[in-house]
Every structure is written in structure tokens, then in C-alpha cells.
Amino acid sequence: MGPELSANLAARWAELPAYLSGHVSLVAVALVIGIAVSIPIGIVSARHPRLKGPLLSFISVIQTVPSIALLALMVPILGGTIGFMPALIALTLYSMLPIVRNTITGLDGIDPALTEAAKSVGMTPRQQLVQVDLPIAAPVILAGIRTAAVWVVGTATLSTPVGAESLGNYIFAGLQTRNWTSVVFGCVFAALIAIFLDQMIRIAENAFTDRRPHTAYGVGALLLGVFLAGISVSVWERSPRTAVAGLGSLSPTIAVEEQQPLTGKRIRVGAKSFTEQYILTNLIERHLEARGADVKTLENLGSTILFDALASEEIDLYVDYTGTIWATIMKRTDVADRLTTYIEVSKYLMDTHGIAVIGRLGFENAYGFAMRRDQAQRLQIRTIPDINSAEQPLRIGADPEFFVRKEWTDVRAAYGLPNVKTRSMDSTLMYEAVRTGQVDIITAYTSDGRIAAYDLQILEDPEKVLPPYDAILLMSPKAYAVPGLADALLPLVNAITPDLMREANKIVDLDRQGTEEAGAFLWRHINRAAPVAPETTE
Amino acid sequence: MKRYNGRSVVDNVSFTVAPGEITVLIGESGCGKTTTLKMINRLIPLDAGTVMLSGRNVMEGDVVELRRSVGFVFQNYALFPHMTVAENIAVTPRLLGWEADRIAKRTAELLELVGLAMSEYGERAPAELSGGQRQRVGVARALAAEPSLILMDEPFGALDPLTRDRLQTEFLDIQKQLGFAVLLVTHDMSEALAIADQIIVLDQGRIVQKGSPSHLLAHPDSDHVKKLMSTPLRQASRIEALMQS
């Protein structure tokens with residue numbers, strides 16, 4: 001086992017208590033509420049056949065909504081709340097169908113003679129329900145709970161993008177940074193929980209069928225114990241701790257400014273789900289923890305979920321890109337130059353949402369037409385319109401979405417490009433494709449580490465058709481009002497050059513190191529560099 | 001009176017069950033005999049008319065209290081499958097809030113009475129018993145709370161002839177010993193003749209004739225009753241002839 005792999009394993013083990021307990025608490029609370037709601041609904045609909053049809057169809061419709069969409073929908077429904085609540089509600093809704101359906105089936109399946117017998121021996125309707133109907137239907141109801149439990153364990157891994165900590169964090173982060181150990185961790189532990197629950201409930205089912213109620217109660221007590229343990233670990237993990245934990249101790253040699261106005265302050269930093277965002281979050285975490293803050297990171301949030309969360313002050317700050325805000329929040333379809341875009345975005349966010357833009361980090365993550373440097377020199381191509389002068393038609397590779405985006409239409413309107421051949425491919429594959437000559441040009445992300453590593457050249461865009469995507473640091477209105485916080489972040493403004501960001505991305509995407517190492521790399525660089533330069537204009 | 005979809009299925013059925021006697025309701029399938037039986041403990045509500053039990057109108061009292069004071073034995077036993085034999089028998093006393101000691105004593109006593117040893121059968125599940133054994137438990141359950149009236153819906157109908165005969169005889173013994181009143185529904189005239197103090201013949205929801213078994217045998221006052229009597233009589237004379245030859 002190489003040192004890198006064992007470091008990776010150690011890092012994953014360290015994350016386990018938080019992710020596993022987060023997962024277990026989500027599943028436990030969702031199932032407990034799901035059961036508490038679904039069994040009464042099942043009982044009522046079994047008694048009132050007219051209710052049964054509409055109710056079952058309604059719950060089935062919920063079931064047909066893809067789980068990831070159901071989870072994401074809960075965020076706007078709850079007014080921008082992220083984290084435990086939206087995940088919990090979506091999972092609870094998701095758990096209901098099998099339990100309601102099996103409760104109805106179990107109760108409908110009771111021999112009418114037994115119902116008459118229960119009445120004849122003098123049971124009240126409630127006594128009949130508790131002493132006869134439910135015990136007889138119990139194995140069928142438990143089978144429904146078992147199905148629901150396995151579904152919920154699986155679906156809970158999808159709650160990462162809405163900000164709930166779960167084993168899904170392993171999977172989302174692992175898939176984005178191609179850290180397969182992390183993905184396997186998430187899958188294996190999710191499977192272990194599912195198998196454990198499935199077996200426990202099966203034992204309870206058999207105990208009911210064989211009339212060994214004490215075994216069933218034992219299993220119930222065990223599950224309750226596991227759930228409570230999960231919830232308490234999870235609460236403990238989330239509680240702010242005054243002792244300097246984790247990353248603070250990683251950078252003990254860095255001398256920190258005179259006073260520490262942020263000591264003990266809890267700062268929540270959000271991140272989208274790709275490598276660069278993880279690295280920047282790690283950098284901000286180091287930066288703020290060195291100033292005494294207690295930083296909580298929420299990674300892998302969906303892009304619009306992240307913005308909503310900032311606007312509703314669920315998180316305090318995150319890094320977005322001017323072009324993204326321009327197109328998806330401001331709904332602008334025109335293109336402006338880099339500085340104008342930045343100024344208009346900043347003004348818009350402050351005026352409409354009270355969100356403060358602390359500044360530009362110094363690099364862009366835009367679409368750029370990239371070519372192998374040797375080939376570009378040989379064909380004498382320096383700009384996008386130069387593509388028209390190539391003798392052979394050139395092949396352009398891009399993610400499938402690009403060729404239907406406005407950027408592509410605008411590029412063709414401005415520069416023509418009649419002779420190019422387009423090839424759609426997954427964005428992670430296109431760098432390899434241009435390196436090996438399977439395509440000539442790709443629409444790269446300009447901060448990607450592979451641009452430097454594969455010696456790619458970004459073609460100039462003389463008409464400024466491609467929109468600018470400056471990385472900017474956004475702060476919620478509440479966080480902006482925290483004394484000293486905005487000032488504390490200023491050293492990060494204009495501190496990351498395009499080359500520095502590419503290098504950091506390369507550490508993760510090509511050198512297969514963790515985002516922690518890349519964050520540490522940026523941190524060392526920024527603290528070694530000269531005092532912050534005044535913001536430059538172009 | 002009981003109507004379904006405007007059609008009367010039980011109409012003008014009036015009779016008295018005397019204390020300590022066995023009254024048998026007999027008739028063909030669909031004649032309304034089971035409906036009549038179930039109207040007495042209000043499993044089926046009455047549309048008109050009254051049922052008096054020990055001088056009280058059952059429609060006026062509490063339905064749960066009524067059912068706890070009347071035993072009921074089902075054709076297909078209807079024992080609760082998730083309870084043991086002892087728990088099945090104890091169910092009504094438990095609902096009545098008897099002391100645990102009294103329930104245990106009563107359960108053991110009843111099991112002995114119906115010929116099943118508490119030690120051997122008490123903790124078994126109903127599914128582990130034969131049909132005859134199950135119906136013994138069914139009878140014990142009906143008797144558990146010391147009712148003065150037992151309603152029986154074709155209680156021996158699902159049993160093989162030997163078991164049926166044995167259970168009938170034993171049931172008669174128990175009934176004579178404890179002295180409760182019985183209203184029993186059957187379509188088997190031989191059974192009615194064997195156990196009844198009073199037979200009530202029903203046809204299309206009306207009483208055709210009522211009286212003691214010997215009275216009905218001697219004086220059937222309609223072709224319908226005569227026809228009902230003919231089967232057991234023919235069987236009896238055939239057996240008599242065989243024995244003489």
C-alpha cells in the first residue's frame with residue numbers, strides 16, 4: 001500500500017463518524033416519521049375504500065418523481081432552507097408508499113370471520129385494531145417497512161446536494177475528484193446499513209409470524225439504540241467545539257495577524273460539486289480557522305441550491321462565477337466585458353439580495369477553445385477566427401451541452417467556423433481526447449489543471465464573444481455584517497492567478513492527491529506571496 | 001326484521017329461548033337463520049323489531065357489554081391465529097378486566113371441561129390443532145365469561161361425522177352440567193333432532209313451524225317441514241331394516 005493510498009484511507013476513515021452518523025440519523029428520523037404517518041393513513045384507507053384509490057395514487061405519484069429532483073424541490077418549498085430538513089421531508093415522503101400499501105394489504109387480507117370473532121368476544125373497535133388486526137397484519141406491514149428502509153438508505157445518499165451530511169458526501173466528492181476510494185467507502189457503508197436494517201426487520205417479521213414477540217421487541221430496542229447512537233454522534237459532530245480541531249492544527253507555523261476578531265465565530269462555507277470548489281473551500285477554511293473562526297463546510301451543493309442557501313442565510317459565503325450569476329440569476333443574454341460584468345453582477349446582488357461580493361479571486365473558470373500548443377503553432381492558429389484559415393476541417397470536442405448553448409451560437413455568429421466538425425463527449429474525457437489527437441480543439445474550462453499539464457493553448461477571442469466567468473467571493477447579508485469577517489477575507493482577493501488555480505486543480509485531477517493537499521498548496525502560496533496588491537483594472 | 005336492498009330476509013321471526021334449553025334454528029341455505037342469530041349480538045343491526053335478553057332490549061344497551069355477556073361459536077372456529085389456545089380462551093375475561101389468577105384458573109378449568117389438558121394444549125397455536133380440537137377451544141372461548149346464552153353458527157358443520165358425533169354428545173353433557181341456554185343454527189335435521197329442546201324451522205325469512213323434536217316428527221304442519229323430516233326418517237328406517245335383516 002503506497003503512502004498516498006494510506007493517506008487517502010486515513011482521510012476517509014476520519015470522515016466516517018460525521019457521514020455515517022449523519023446518514024443514520026437521516027434514515028432513522030425519516031423512517032420513524034414515515035412509519036408514524038403511513039400506518040395510520042393505511043388504517044384509515046383500509047377502513048374507507050373510497051379514500052384508498054386517490055390516496056394510493058397520490059403517494060405513487062410522489063414515488064415517480066425522481067428522488068434527486070424531489071430532494072432538490074424541497075429546498076425552494078422550504079424557502080431556501082438547506083441541510084437536514086429538506087432531506088428529511090423528501091425521504092419521509094419517499095418511505096410512505098410501501099408502508100401505506102402494505103398496511104392496507106395486510107388489513108384487507110384479514111379473514112372476515114376473525115373480524116366478526118373479535119367483535120363477538122366483545123372488543124371495542126380500538127381493542128380490535130390493537131389486539132387482532134394489527135398483530136395479524138404485522139408481518140405484511142413489516143415487509144413494507146423493510147422495503148421502505150432499504151429505499152431510504154439508498155436515497156439518503158442523494159441528499160448531499162441539498163446540504164445534508166450523509167454517506168453521499170463520499171460518493172459525490174469521490175466521483176467529482178475521481179477518488180474511487182471515497183466512492184467505494186460511501187457505497188460499502190450504505191450497503192452495510194441497508195443489509196443490517198433488512199436483516200433486523202426480517203428477524204422481527206419472522207418473530208411475529210412465529211409468535212415470538214419478545215424477539216421482535218428485542219430487535220426494535222436494538223434498532224432504537226443504533227438510531228439514538230447515530231443521532232447523538234451526529235449532534236455531537238455538528239456542535240461547535242471551542243478547542244481548535246482539524247485543520248487549525250495543520251498549519252501551526254503560519255503567523256497570524258495581530259488580533260483575532262473571529263475567535264469562536266461559526267462560519268458556514270458552501271461549495272458546488274467540482275474539484276476547484278472543494279479546493280477553494282479548503283483554502284477558505286484554512287484561512288478563517290487561522291483567524292480563530294469555527295468553519296463548517298457544506299460541500300457538493302447544487303449550484304442554484306447554493307445561491308438560494310446564501311440568499312436565505314443558510315450559509316455565510318461561497319465562491320461563484322460572474323458568468324453564472326449573469327446568466328442564471330440575472331437572466332442576461334447579452335455579453336459584456338470582464339470588468340463590466342463583474343461590476344454589474346456585484347451591484348445587482350447587493351441591490352436585489354443584499355449579497356456582498358467581496359472581490360474577484362483573480363482567475364476565470366470560463367469556456368475557452370483550447371488546442372495543443374505544438375499543433376497550434378504548426379497550423380499558425382492563435383485566435384478563434386484563425387480556425388477558418390486551416391486547410392483541413394478541424395474537429396471540436398465539447399460536452400454535449402455546449403453545442404446547444406448560446407455561447408456556441410454566438411461564436412458561430414461572430415466567427416463563422418463553417419468547416420469544423422463537432423464531437424460531443426463527456427467533459428472529463430475531452431482533455432484526453434485533444435492530448436491524443438482524437439480531436440483538434442476542445443472547449444476547455446480555463447482553470448483546469450490539464451491545460452498546463454497537457455501544454456494546451458487557449459485561443460484568443462478578439463470579439464469577446466465568450467462570456468467572462470470570474471471567480472468571486474459572495475457573502476450573505478448577515479455574514480457581511482459580522483465585524484471583521486469581510487476584512488479577514490480580503491487577503492484572498494486577487495490572490496489566485498490562473499496558473500496557480502490550474503496548478504491546484506492539477507494536484508487533484510492529475511496527481512491524484514486530495515483536495516486537502518491542493519488547499520494547503522494554495523494556502524502556502526498565498527501566505528508566501530507579497531502583501532496583497534491593489535485591485536487591478538483592465 | 002332485516003332488509004337487504006329493500007328485500008326482507010328476516011321478517012316477523014318471533015321466538016323465545018328458555019333458560020337452560022337448546023333451541024335450534026333450522027332451514028335451507030339463505031333462509032335467514034344465520035342473519036337471525038347475528039342480530040341477537042348485533043353483528044348485524046336490526047331494521048325493525050326487538051331482541052330481549054334477560055328482560056332488557058339489546059338495542060338499548062352498550063353493544064360491547066352485550067357481546068361480552070353472550071358467547072359465540074363460529075362454524076370455521078375463527079380462533080385468533082396470533083394467540084395461544086389459552087390466550088384465545090382468556091380473551092373475554094381479559095377484556096372484562098378479571099384478575100390474572102381468576103383468568104388462569106378459568107382457562108384451565110374450561111380446557112379440562114372440553115377435554116384438552118392445559119399442560120399439553122394451553123401454549124399451542126390454533127394452527128397446531130385438529131379441526132375437532134379447534135372447535136373445543138371455540139366452545140371454551142364462548143363459555144369463558146360465564147354467559148347465560150351461547151350463540152352457535154353451524155358449530156359442528158365442518159367436522160367429520162365421528163368427531164361431530166363425539167363433540168355433540170360432549171357438548172350436551174357440558175350444557176346439562178352448566179345449564180346455559182343455547183341458540184344453535186344448523187341445516188342438518190339429524191343434528192337438530194339429536195340435541196334440541198326446541199326446533200324452529202325457517203323458510204325465506206319466516207317461521208314455518210316451531211316445537212319440540214317429537215312434536216315436529218309427529219305433527220309436521222306443512223309439506224316443507226314434512227320434507228325436512230323425511231331425510232333423517234328415511235335414514236333411520238333404512239338402518240332399522242339393515243339391523244333386522
Side-chain angles (χ1 to χ4, degrees), chain A residues 39 42-43 46-47 49 102-145 201-220, chain B residues 34 37-38 40-45 61-98 123-128 134 137-138 140-145 147 149-154 158:
Chain A
I39 292 182
I43 291 169
R47 299 265 180 284
N102 279 34
T103 304
I104 294 174
T105 313
L107 291 176
D108 279 354
I110 294 174
D111 183 353
L114 289 178
T115 316
E116 274 199 335
K119 287 188 184 130
S120 295
V121 298
M123 288 184 184
T124 61
R126 179 178 293 270
Q127 286 168 333
Q128 182 189 338
L129 180 69
V130 174
Q131 298 183 23
V132 176
D133 294 353
L134 287 179
I136 292 176
V140 182
I141 297 174
L142 276 170
I145 293 175
I201 301 173
R202 194 190 296 273
I203 290 171
E205 250 175 87
N206 290 339
F208 261 106
T209 318
D210 304 345
R211 300 180 309 108
R212 288 180 283 112
H214 294 293
T215 312
Y217 298 146
V219 168
Chain B
T34 298
L37 189 77
K38 288 181 176 172
I40 292 171
N41 78 341
R42 293 173 60 185
L43 281 178
I44 295 175
D62 177 57
V63 65
V64 170
E65 215 169 288
L66 162 74
R67 288 168 183 164
R68 288 175 185 174
S69 69
V70 177
F72 204 109
V73 180
F74 293 85
Q75 177 179 14
N76 47 11
Y77 330 123
L79 299 179
F80 300 120
H82 59 296
M83 297 181 189
T84 64
V85 165
E87 285 167 350
N88 264 284
I89 295 172
V91 68
T92 306
R94 222 182 52 228
L95 292 171
L96 286 167
W98 289 16
E123 294 309 310
R124 290 207 196 171
E128 299 168 51
R134 284 186 214 183
V137 177
R141 181 175 69 181
L143 291 172
L149 173 66
I150 304 276
L151 305 174
M152 304 179 91
D153 188 9
E154 307 205 22

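Chain A is the first sequence line, chain B the second, and so forth, proteins listed ahead of strands; every chain is numbered from 1.
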| said: Counting only heavy atoms from other residues, nucleotides and ligands, does the tally under 6.0 Å from CD of B/Glu128 exceed 12? | reply: yes

| message | So does A/Gln131 get a backbone contact from the side chain of B/His82, meaning a donor-acceptor N/O pair under 3.5 Å? | response | yes

| task | Give the member of B/Leu151, B/Thr92, B/Leu43, B/Asn41 that has the highest number of heavy-atom pairs under 4.5 Å with chain A. | result | B/Leu43

| Side chain, backbone, both or neither: which part of B/Arg141 has a heavy atom under 4.5 Å from chain A? | side chain

| Taking atom OG1 of A/Thr124 and atom CD of B/Glu65, what is their separation to the nearest 0.5 Å? | 13.0 Å

| query | Is there side-chain contact between B/Phe72 and A/Val121, with heavy atoms separated by less than 4.5 Å? | reply | no

| query | Side chain, backbone, both or neither: which part of B/Thr84 has a non-hydrogen atom closer than 4.5 Å to chain A? | reply | both

| In terms of heavy-atom proximity below 4.5 Å to chain A, should B/Val63 be classed as side chain, backbone, both, or neither? | neither

| request: Determine the minimum heavy-atom distance between B/Ala78 and A/Ala113, stating which atoms define it. | output: CB-O, 3.8 Å

| field | Part of B/Ala125 within contact of chain A (heavy atom distance under 4.5 Å) | value | both

| query | Between B/Val91 and A/Met123, is any pair of side-chain heavy atoms under 4.5 Å apart? | reply | yes

| field | Closest approach of B/Arg68 to A/Gly122 (non-hydrogen atoms, all atoms of both residues) | value | NE-O, 2.7 Å

| Spatial distance of atom CD (A/Glu116) from atom CD1 (B/Ile44) [nearest 0.5 Å] | 7.0 Å

| field | B/Phe74 and A/Ser120, any side-chain heavy atoms less than 4.5 Å apart | value | yes

| task | Name the region of A/Ala138, side chain, backbone, both or neither, that has any atom closer than 4.5 Å to a heavy atom of chain B. | result | neither

| field | Atom of A/Val132, atom of B/Phe80 and distance for their closest heavy-atom approach | value | CG2-CE2, 3.7 Å

